[in-house]
Structures are given as structure tokens and as C-alpha cells.
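What's counted below: heavy atoms across the whole structure, side chains too, no hydrogens, waters or symmetry copies. Residue numbers run from 1 in the order of the sequence given.
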Amino acid sequence: MIGVLSDLLRPVFGADSLRYAMFAGVAAAAASIPFYLVAARHVPQDLERLDGLD
């Protein structure tokens with residue numbers, strides 16, 4: 001995915017396209033952290049609900 005983004009950015013950034021593509025990947029991963037934290041809050045309730053289905 002990073003390679004494809006780097007190829008797409010090459011006309012704009014030239015040799016620095018890989019640097020910006022890698023930064024975009026890190027930024028996307030960092031932006032996902034709050035969503036994982038919100039989802040993690042619901043895991044115990046979901047597990048309790050699954051235990052009640054037996």
C-alpha cells in the first residue's frame with residue numbers, strides 16, 4: 001500500500017514521495033488509536049453478552 005501511494009505521489013514530490021507515503025501510513029495508524037480505545041471499552045460487555053447466550 002505504501003508503495004502504491006509512493007508511486008502516486010512521485011509526480012508531486014519526486015524522490016521524497018516514499019518519505020511522504022511512509023509518513024501517511026504512520027499518521028493513519030496513529031489516527032486509528034482512539035477508535036481502538038473506544039472499541040476496547042465495549043469488549044467486556046460483548047463477552048458477557050456472549051456468555052449469556054449459552
Side-chain angles (χ1 to χ4, degrees):
M1 196 67 175
I2 298 296
V4 172
L5 184 57
S6 175
D7 291 343
L8 292 172
L9 293 175
R10 183 170 290 281
V12 177
F13 295 109
D16 288 334
S17 64
L18 181 59
R19 176 180 299 155
Y20 288 112
M22 291 177 70
F23 176 75
V26 170
S32 70
I33 291 172
F35 297 103
Y36 281 108
L37 293 174
V38 169
R41 289 180 31 204
H42 297 281
V43 170
Q45 296 166 348
D46 291 343
L47 291 175
E48 287 177 16
R49 192 173 15 205
L50 287 174
D51 285 340
L53 293 177
D54 291 338

Self-check item: Contact list for residues 33-53, test ring-ring contact (aromatic ring centres under 6.0 Å, His included), sequence neighbours left out
Solution: none
Quiz item: Can you list every pair that meets side-chain hydrogen bond (donor to acceptor under 3.5 Å, both in side chains) and has a residue in residues 1-15, with sequence neighbours left out?
Solution: S6-S17
Quiz item: For R41, which residues count as a side chain to side chain donor-acceptor pair (under 3.5 Å) partner, sequence neighbours excluded?
Solution: none
Quiz prompt | Residues clustering with Y20 (ILVMFWY side chains joined when closer than 4.5 Å, directly or via others) | solution = L5, L9, V12, F13
Quiz item: Apart from I2 itself, what residues make up its hydrophobic cluster, given side-chain heavy atom links below 4.5 Å?
Solution: L18, M22
Exercise. Sequence neighbours left out, what pairs pass salt bridge (charged side-chain N to carboxylate O under 4.0 Å, His left out) with at least one residue falling in residues 11-23?
Key: D16-R19
Quiz item: For L37, which fellow cluster members are found when Ile, Leu, Val, Met, Phe, Trp and Tyr are connected by side-chain heavy-atom distances below 4.5 angstrom, either directly or through intermediates?
Solution: I33
Quiz item: So, do D51 and E48 sit near enough that their side-chain heavy atoms are less than 4.5 Å apart?
Solution: no
Self-check item: For M1, the rest of its hydrophobic cluster, which grows through side-chain links under 4.5 angstrom
Solution: none
